[in-house]
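All values below come from the heavy atoms of this structure, side chains included, with hydrogens, waters and symmetry mates left out.
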Amino acid sequence: MTARSQALNMLRAVARKDAGGRIVHQFATDPGRMQRMGVEAAGLYLDLSKQSWSAEGFEAALDLARTCDVEGRRDALFAGEPVNNTEGRAVLHPALRAPAVADFHALGEPVSAEVDETRRAMAEFAVDVGTGAEAGGSKQPFNAIVHIGIGGSDLGPRLLWDALRPLEPTIDLRFVANIDPRDMGEALSGLDPETTLVVVVSKTFTTQETLANADLAKAWLAESLSPRRMVKHLIGVTAAPEKAEAWGCGRTFGFRDWVGGRYSLWSAVSLSVAVALGWDVFERVLDGARAMDEHFREADLEKNAPVLLALAQIFNVEGLDRHARTVAPYAHGLRRLPAFLQQLEMESNGKRVKRDGSPVDTATGPVVFGEPGTNGQHAFFQQIHQGPQVVPAEFIVVGHTSRAAVDAREGDAPLWSNALAQAQALMVGKTEAQVREELIVSGMSAEEADRLAPHKTFPGDRPSTTILLDALTPEAVGALLALYEHKTFVEGVIWDINSFDQWGVELGKLLASAILKDVADGEPSPDLDPSTAELMKRLMV
C-alpha cells in the first residue's frame with residue numbers, strides 16, 4: 001500500500017468517526033477550533049470551523065496534503081514545469097499577474113518579458129480607447145464593446161465586469177457566448193456600428209461557436225462600414241494571430257498555450273474589461289491575485305487558505321461521500337461566480353484517470369452549483385436544509401456591497417445577516433422535540449403539534465465554509481478568484497489527476513461537426529445510432 005493510500009484510508013477512518021458527532025459540539029470540546037480553522041489571506045478571511053472535521057480530522061487532512069507533496073507540486077507549477085503532462089505544457093497563469101521584475105519560465109523558456117510587453121500594449125490600448133485616441137473607422141470614439149467568446153473566454157471576463165462595473169459605465173460592455181442567434185441579437189440591439197468595438201476571443205481562433213458569432217458581428221458591422229474602416233472595429237485575442245488577421249481582425253493581442261482557457265482571465269482575454277473598467281482597475285485585480293499567489297507559495301499548509309479550502313472539500317468527498325457542493329455569493333456583483341466555478345472546478349477535476357492513465361481510485365470533483373443569496377434561499381436551500389443528502393455549502397459574504405453602505409453598515413446588514421443565519425441554521429438545526437415545544441407554546445394542540453413537528457424539524461450538522469470580503473474591491477475579487485484557482489490545483493494533486501487538460505469537451509465537438517455535415521447532405525448518416533438519426537429527421541423538417 002502506498003503512503004498516499006494509507007493517508008487516504010486514515011482520513012476516511014477519522015471522517016467516519018467524526019460523522020458520529022455533531023459539528024456544533026466540536027466548539028465545546030475544542031477551544032482552539034476557531035483559531036485553528038480561521039485563516040486570513042490576501043485581504044480575505046476564511047472560516048472553516050463549521051466543517052465536519054474534528055481537530056483529528058483536520059490533522060488527517062493536512063497529513064494527506066503533505067503525503068501527496070502538495071508543496072512540491074505547487075513549486076513545480078510556479079517553476080514552469082510540465083504539470084499538464086498529457087499536453088506537455090507548463091501552467092503559468094500566475095505569471096500573468098506577476099510584477100514586472102518577475103522571472104517566470106515555461107519549460108525553461110523565459111516568458112515574463114513577453115507578459116510585460118502584452119500588458120503594456122493592453123494598457124496603452126485601454127487608455128487610448130478611453131481618451132478617444134483609438135477610434136473607429138469613421139473617427140468616432142467607441143462607446144460600446146461586444147465581447148465574443150465562450151467558456152474561459154467568456155466566464156472570467158463576464159464575472160469581472162459584473163463584480164466591478166460602475167452603475168453608469170462610460171462604455172457599454174456586452175458579452176456573447178451562446179451560438180443561438182438570439183444572444184447576438186440581444187447584444188447588438190440599440191448599438192451603433194460606427195461606435196462599437198468587437199473583440200473576438202478564441203485561443204485557437206477555430207472555436208465553432210465563437211467564430212459563428214464573430215461572423216454575425218462582422219456582417220452587422222459591414223452593413224454600415226466599408227472593409228477598410230471595419231478593421232478598426234475588429235480586435236482578436238488569440239494564440240493564433242495569423243488566423244485572426246486572415247479572418248479580418250485589424251489588431252490582435254496574444255497569449256500562449258501555457259495559459260489554460262479557464263485560467264486566462266488575467267491575460268489579454270480580459271482586454272474588453274480592462275478597457276471598459278479602466279486599466280488602473282484591472283491592474284488592481286492583478287494585484288489582488290498576486291497577493292494570493294504569494295500567500296499560497298509562502299504560507300504553511302495549516303494556515304494556507306487554498307490548501308485548507310481544498311482539504312475541506314476532500315474531507316467531504318473522500319471521507320463522507322458528499323458529491324455536490326453549493327456556492328452562495330451574498331453579493332449581486334458575484335452572481336456569476338457559481339457558473340465560473342462550475343467550469344474552473346468541474347472541467348479541471350472531472351477526470352476518470354490519474355496522471356499516469358490508470359483509473360482513479362477515489363471520487364474526483366463534485367458537482368458545483370449555486371445562486372446568489374438571498375435568491376437561493378427561496379429555491380434550492382429547502383433541499384440542503386431538509387433533504388436526506390448532505391450538501392456542503394460555501395457562503396461568500398461581502399461586508400460592504402455598495403459605496404453608500406460603507407458609511408452605513410446597517411445598509412448591508414440585511415444581506416450578510418441572512419448569510420450568517422443560513423450557515424448557522426445548517427449547522428445547529430432544530431430537533432423534533434424543540435419544534436413540538438414551540439408549537440404547543442404557540443397554542444397548538446398536542447395532537448396537531450405531533451403531526452406537524454416532523455415537517456418542521458431540521459437535522460442540522462450540515463457543513464459550510466464562509467469567506468469574508470470587506471468590500472467588493474478589485475483587489476478582493478482578484479484574490480478570491482486566485483484562491484479558487486489554487487484550491488482546484490491542490491485537489492488535483494491529492495486526487496493525482498491532471499487539472500489542466502479537458503479532453504471531455506472534444507468528442508461532442510467532433511460529433512457536432514459530423515452531424516452538421518449530415519445536415520448539409522440532407523439526410524442522417526447510416527452510421528448514426530437510431531435515436532440520433534430520428535431526432536435529426538424531426539429537426540430537419
Side-chain angles (χ1 to χ4, degrees), residues 3-41 44-68 70 299-327 345 349 362-366 368 384 389-395 420 422-429 459-468 483-484 486-488 490-495:
R4 174 178 173 272
S5 296
Q6 289 177 327
L8 267 170
N9 287 342
M10 177 59 70
L11 178 124
R12 290 166 180 156
V14 176
R16 286 194 296 270
K17 185 168 64 173
D18 287 349
R22 291 184 67 83
I23 300 168
V24 71
H25 295 157
Q26 295 286 350
F27 291 92
T29 59
D30 181 11
R33 186 175 180 85
M34 279 301 305
Q35 182 178 3
R36 184 185 307 107
M37 300 179 192
V39 59
E40 296 194 48
L44 312 182
Y45 176 76
L46 282 71
D47 176 14
L48 296 110
S49 66
K50 292 190 184 75
Q51 285 294 333
S52 296
W53 48 25
S54 62
E56 184 184 3
F58 185 78
E59 290 301 324
L62 284 168
D63 183 61
L64 176 61
R66 296 187 186 100
T67 301
C68 294
V70 164
D300 294 336
L301 293 188
E302 58 267 23
K303 280 296 182 182
N304 194 302
V307 172
L308 295 185
L309 196 58
L311 291 179
Q313 180 150 291
I314 295 287
F315 192 87
N316 280 302
V317 172
E318 295 300 331
L320 298 168
D321 291 325
R322 296 165 177 171
H323 300 288
R325 177 175 115 258
T326 187
V327 178
E345 299 189 32
N349 289 340
T362 64
T364 58
V368 181
I384 68 172
Q389 66 273 58
V390 175
V391 179
E394 233 153 64
F395 296 94
L420 301 189
Q422 291 295 325
Q424 181 186 23
L426 284 168
M427 179 177 68
V428 301
D461 204 38
R462 312 237 157 158
S464 68
T465 292
T466 300
I467 302 174
L468 297 186
L483 167 73
Y484 278 109
H486 295 318
K487 165 194 178 287
T488 302
V490 171
E491 290 163 359
V493 171
I494 292 173
W495 284 320

For residues [X] and [Y], determine if any side-chain heavy atom of one lies less than 4.5 Å from a side-chain heavy atom of the other.
X	Y	value
F58	Q26	no
Q313	P366	yes
R4	T362	yes
Y484	E394	yes
F395	L426	yes
E59	L62	yes

With rounding to the nearest 0.5 Å, note down the distance linking [atom1] in [X] to [atom2] in [Y].
X	Y	atom1	atom2	result
R22	H25	CZ	NE2	6.5 Å
S464	K50	OG	NZ	5.5 Å
Q422	T466	CD	OG1	11.0 Å
D47	L468	CG	CG	7.5 Å

Quick one: ring pair (Phe, Tyr, Trp, His ring centres under 6.0 Å) partners of W495, sequence neighbours excluded?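 Residues passing ring pair (Phe, Tyr, Trp, His ring centres under 6.0 Å) with W495: none at all.
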
Answer yes or no: are there more than 12 heavy-atom neighbours, outside Q389 itself, under 6.0 Å from its atom CD? yes

Neighbour count above 12 (heavy atom, 6.0 Å) for M10 CE: no

Looking only at heavy atoms, which two atoms of [X] and [Y] are closest? And how far apart?
X	Y	value
V317	A363	CG1-CB, 3.7 Å
M34	S49	SD-OG, 3.2 Å
P463	V390	CD-CG1, 3.6 Å
L64	A7	CD1-CB, 3.7 Å
A19	L320	CB-CD2, 3.8 Å

Of the options I314, V307, T67, L11, which is the one that meets I494 in a side-chain contact (heavy atoms from CB on, under 4.5 Å)? I314

For the side-chain contact (heavy atoms from CB on, under 4.5 Å) test, which of L46, L48, T465 pairs with L308?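 Single pass found, and it is L48.
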
Using atom types as modelled and distance alone, determine if a side-chain donor or acceptor of [X] lies under 3.5 Å from a backbone N or O of [Y].
X	Y	value
N304	A299	yes
R462	I384	yes
D300	E302	no

Partners meeting salt bridge (charged side-chain N to carboxylate O under 4.0 Å, His left out) with R12 (sequence neighbours left out):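 R12 satisfies salt bridge (charged side-chain N to carboxylate O under 4.0 Å, His left out) with E318 once adjacent residues are dropped.
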
Intermediate values then yes/no, side-chain contact (heavy atoms from CB on, under 4.5 Å), Q51 and I23: CA-CA 7 Å; Q51 285 294 333; I23 300 168; over 6 Å; no

If you apply the rule side-chain hydrogen bond (donor to acceptor under 3.5 Å, both in side chains), what do you find for R33 with S54, and how did you get there? CA-CA 9 Å; R33 186 175 180 85; S54 62; over 6 Å; no

Residue pair N349 / T364, side-chain donor-acceptor N/O under 3.5 Å: no

In terms of side-chain heavy atoms, does R322 have a donor or acceptor partner in S52 at a distance below 3.5 Å? yes

Could you go through the side-chain contact (heavy atoms from CB on, under 4.5 Å) check for D18 and F315 one step at a time? CA-CA 11 Å; D18 287 349; F315 192 87; 3.5 Å; yes

Applying salt bridge (Lys or Arg N to Asp or Glu O under 4.0 Å), run through E40 and K303 and close with a yes or a no. CA-CA 8 Å; E40 296 194 48; K303 280 296 182 182; over 6 Å; no

Step by step, would you call L311 with W53 a side-chain contact (heavy atoms from CB on, under 4.5 Å)? CA-CA 10 Å; L311 291 179; W53 48 25; 4.0 Å; yes

